[in-house]
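Below is one structure; the comments refer to it alone.
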Amino acid sequence: MKIYNTLSQKKEEFIPLEEGKVRMYVCGPTVYNYIHIGNARPAIIFDTLRRYLEYRGYEVNFVSNFTDVDDKIIKKANEEGVSATEISERYIKEFRTDMIALNVREATLHPKATQEIDGMVEMIEDLIKKGHAYEKNGTVYFRTRSFKNYGKLSKKKLDDLEAGIRIAVSDEKEDPMDFVLWKPKKEGEPSWPAPWSDGRPGWHIECSVMSRKYLGEQIDIHAGGEDLVFPHHENEIAQSEAANGKEFARYWMHNAFLNIDNKKMSKSEGNFFTVREICELYDPQVLRFFMLNSHYRSPLNFSKDLVESAKNSLTRILTSIGQLEHLMESGTLKREFISSDEQLLLAEAEALNTKFIDALDDDFNTADAIAAIFELVKLANTNCSAQSSSEFVKTIHERLVNLCQILGLETTKEEDLLDADIEKLIEDRQTARKNKDFAKSDQIRNLLLEKGIVLEDTREGVRWKRS
RNA sequence: GGCGACAUAGCCAAGUGGUAAGGCUCCGGUCUGCAACACCGUCACCACCAGUUCAAAUCUGGUUGUCGCCUCCA
């Protein structure tokens, strides 16, 4: 398997530190609000990557943190007049709700920054001891110049950065590019005791500490949105490698941004959707499919039309699978043994399976993998009928479902239990059709349509599905 | 100013040397009582210019355009 490594800016063969095992860390959300669809991109992408690695036989230790202490959380808490903990716990819960909707699995572990303060204090002390950090008036800074590889991920030079500096330079800092590891508390802020001051950690230190604690000093994959490359990941590298004296992460993966109507999402522009909002309009699976239908390193545009298109595409796959299930359940498949023609088609299906795997092996090309699924759908739609052998239909169905599952796309019908009422209406309609009472049959169909039930009169009988 | 991406049909999107996957939409047809689903068919001179090569969307140089990071941000 090849992975594009931001560090080398090349696709590299993926070789884990320990054979058969993958240690993976993905920077998680700062929990101060509902997540937006931009946040959903890395969540879906890297959940799918994890599923694929597992499919390929790796044991994946997947850690993703919650940043539950931060300026934005404190601000929100003060606005509402509640504690920061109340805010963070509330939105951790909401985050989980969204993840379940998107079919994103729980990480192996979701550590919270506030539960790891001891470890952070320890690492900061160690960095001071090693000359990589210093304290001024209760604040501890990382001594950027002391880490000679600073900038290796983002390909920035310290001197260039300083030339373009836009942040207010603090007199306390030895160098404008030094960043905060620990800061003293201000009035009304949560704080923890530490040798330098009662205060709280800087943003970057938490990931260094949590990934070391739960995955070890060296990890295989560290992932996140491309905006995290600088400064967050660059600073993590500096902290971790300065403290541990060895390479931190082997492969750095970054997803490109999601834009809305070709513009960057921002609250001031108002072009902003939460996952919750989109899930009210569409099946969350549509959002998942939408994200996977393009390469994770390409910028992706989001608009209602594009989601609508994704919805139609996904429906094509699900309809086909539903049709296969209908064939298998309806008892119309009389023949058991596979014909020679079917044998050839199964070989084609096998080739498409390989195409799917090859695509994902090549820097996780989900768009290409999905193309293979569509080709299999075409094969199924064209060749599976009442005349097919049951074994053939079953095999094609398994293949299709399996590929969808690797991508985390659910193919099972949500509710198989037909309301007796609906069943009755469909029967009535069939009777009306036999009697050529089309006015009545259309009336029933429209009635069902209003309830979100779409009928399809296939050769093998009437099928229905929720729109 | 520094660093880095990207530019393929109406739309989305694969494709890193051998004359363009896949999806959506439109149109024509088959199927259907009609519709939906499905199937068949039609739809690309790969931003521009120059170069390398027997051969380039694919490599090199340049031009134009779009975007991201450098500040909290997925």
Next item on the list: Would you indicate what A:Ile35 reaches in the nucleic acid, counting non-hydrogen atoms under 4.0 angstrom: base, sugar-phosphate, or nothing?
Entry: nothing
Item checked: Euclidean distance for C1', B:G15 against B:C54 (whole angstrom) -> 23 Å
Notebook entry, point to check: Has A:Arg276 got its NZ or CZ under 6.0 Å from the middle of the six-membered ring of A:Tyr34, at an angle within 45 degrees of the ring axis?
Noted result: no
Next item on the list: Measure from CG on A:Leu379 to C1' on B:C40 and round the result to the nearest Å.
Entry: 16 Å
Margin query: Using a heavy-atom cut-off of 4.0 Å across all strands, would you classify A:His295 as base, sugar-phosphate, or nothing?
Written below: sugar-phosphate
Checklist line | Presence of A:Asn381 side-chain N/O under 4.0 Å of B:A38 phosphate oxygens OP1/OP2 | finding: no
Item checked: Of A:Glu226 and A:Arg41, the one whose closest RNA chain B nucleotide lies more 5' -> A:Glu226
Next item on the list: For B:A44 versus B:U52, give the span between their P atoms, rounded off to a whole number of Å.
Entry: 31 Å
Check: Which value, in whole Å, describes the distance between the C1' atoms of nucleotides B:C12 and B:C48?
Finding: 24 Å
Note to self: From CD1 of A:Ile321 over to P of B:A38, roughly how many Å is that when rounded to an integer?
What the structure shows: 13 Å
Check: According to a strict under-4.0 Å criterion, is A:Asn255 in side-chain N/O contact with OP1 or OP2 of B:A74?
Finding: no
Margin query: With a 6.0 Å cut-off on the ring centroids, do A:Phe290 and A:Phe302 count as close?
Written below: yes
Next item on the list: Side chain of A:Val454 only, please: which of B:G4, B:A14, B:A36 is the nearest?
Entry: B:A36
Next item on the list: Cation-pi check, A:Lys311 to A:Tyr282: give yes when NZ or CZ is under 6.0 Å from the six-membered ring centre and within 45° of the ring axis, no otherwise.
Entry: no
Notebook entry, point to check: Quick one: on RNA chain B, does A:Ser441 or A:Leu306 contact a more 5' nucleotide (nearest heavy atom)?
Noted result: A:Leu306
Check: Going by atom types only, do A:Glu236 and A:Tyr25 share a side-chain donor-acceptor pair under 3.5 Å?
Finding: no
Check: Can you tell me how far P of B:C37 sits from CG of A:Asp457, to the nearest Å?
Finding: 12 Å
Next item on the list: Round to the nearest Å and state the distance from A:Asn39 atom CG to B:A74 atom P.
Entry: 5 Å
Next item on the list: Indicate the atoms forming the closest heavy-atom contact of A:Asn78 with A:Gly188, along with that distance.
Entry: OD1-O, 4.3 Å
Note to self: When you measure from the side-chain N and O atoms of A:Ser298 to the phosphate of B:A14, is any distance below 4.0 Å, counting only OP1 and OP2?
What the structure shows: yes
Notebook entry, point to check: Hey, are A:Arg433 and A:Gln430 close enough side-chain-wise for a donor-acceptor pair under 3.5 Å?
Noted result: yes
Next item on the list: Assign A:Arg297 to base, sugar-phosphate, or nothing according to its heavy-atom contacts below 4.0 angstrom with the strands shown.
Entry: nothing
Check: What does A:Leu455 touch in the nucleic acid at a heavy-atom separation under 4.0 angstrom: a base, only the sugar-phosphate, or nothing?
Finding: base
Margin query: If you only use heavy atoms from C-beta on, which nucleotide in B:A13, B:A21, B:C70 is closest to the side chain of A:Leu300?
Written below: B:A13
Check: To the nearest Å, how far apart are A:Asn259 CG and B:A74 P?
Finding: 15 Å
Next item on the list: Can you tell me the distance, in whole Å, between the CD1 atom of A:Ile260 and the P atom of B:C73?
Entry: 19 Å
Note to self: Between B:U25 and B:A36, how far apart are the two P atoms, rounded to whole Å?
What the structure shows: 12 Å
Notebook entry, point to check: Going by the angle between their ring planes, with limits at 30° and 60°, are A:His222 and A:Trp252 parallel, tilted or perpendicular?
Noted result: parallel
Check: Cation-pi between A:Lys76 and A:Tyr32: NZ/CZ under 6.0 Å from ring centre and within 45° of the ring axis?
Finding: no
Next item on the list: Please state whether the phosphate of B:C73, meaning OP1 or OP2, lies under 4.0 angstrom from any side-chain nitrogen or oxygen of A:Trp203.
Entry: yes
Margin query: What's the gap between B:U16 and B:C69 when it is taken at their P atoms, as a whole Å value?
Written below: 28 Å
Check: Checking only heavy atoms, does the side chain of A:Arg445 share a donor-acceptor pair with the base of B:A35 at less than 3.5 Å?
Finding: yes
Margin query: Given B:A74, B:C34, B:A14, identify the nucleotide with an atom nearest to the side chain of A:Ser294.
Written below: B:A14
Notebook entry, point to check: Would you say the side-chain atoms of A:Asn149 and A:Glu241 include a donor-acceptor pair closer than 3.5 Å?
Noted result: no
Next item on the list: Would you mind classifying the nucleic acid contact of A:Phe438 as base, sugar-phosphate or nothing, using non-hydrogen atoms under 4.0 angstrom?
Entry: base
Margin query: What contact category does A:Gly38 fall into here, base, sugar-phosphate, or nothing, at under 4.0 angstrom with non-hydrogen atoms?
Written below: base
Check: Angle class for the A:Tyr52/A:Phe364 ring planes (parallel below 30°, perpendicular above 60°, tilted otherwise)?
Finding: tilted
Next item on the list: Would you classify A:Gln323 as touching base, sugar-phosphate or nothing, given that sugar-phosphate means primed atoms plus P, OP1 and OP2, and contacts are heavy atoms under 4.0 Å?
Entry: nothing
Item checked: By salt bridge (Lys or Arg N to Asp or Glu O under 4.0 Å) - contacts of A:Glu450 (at least two apart) -> none
Checklist line | Check: A:Lys72 side chain, B:C73 base, donor-acceptor under 3.5 Å | finding: no
Note to self: Just to be sure I understand the rule, does A:Lys436 reach a base, reach only the sugar-phosphate, or reach nothing, if contact means heavy atoms closer than 4.0 Å?
What the structure shows: nothing
Next item on the list: In whole angstrom, give the distance that lies between atom CE of A:Met291 and atom P of B:A13.
Entry: 13 Å
Notebook entry, point to check: Expressed in whole Å, how much space separates the C1' atoms belonging to B:U53 and B:U58?
Noted result: 13 Å
Item checked: Proximal nucleotide (of B:C37, B:C39, B:A36) relative to the A:Thr319 side chain -> B:C37
Protein-nucleotides 23-28 of chain B N/O pairs closer than 3.5 Å?
residue, atom, partner, partner atom, Å
B:G23, O2', A:Ser313, OG, 2.1

Checklist line | Candidate nucleotides B:C70, B:C73, B:G33, ranked by approach to the side chain of A:Asp442 - the nearest | finding: B:G33
Item checked: Gap in Å between the two P atoms, one belonging to B:C70 and one to B:U19, rounded -> 43 Å
Item checked: Test item: A:Thr97 side-chain N/O and A:Lys93 main-chain N/O as donor-acceptor pair under 3.5 Å -> yes
Checklist line | Spacing of the P atoms in B:A21 and B:A9 (rounded, Å) | finding: 15 Å
Note to self: Please convert RNA chain B into dot-bracket. A pair counts if it is Watson-Crick or G-U wobble with both distances under 3.5 Å; crossing pairs go in [ ] and bases paired with another strand get |.
What the structure shows: ((((((((.[[[..)......]]]..((((.......)))).....(((((.......))))))))))))....
Notebook entry, point to check: Looking at CE of A:Met120 and OG1 of A:Thr114, how far apart are the two atoms once the value is rounded to the nearest 0.5 Å?
Noted result: 8.0 Å
Margin query: What is the separation between atom CG on A:Leu153 and atom C1' on B:C3, rounded to the nearest whole Å?
Written below: 12 Å
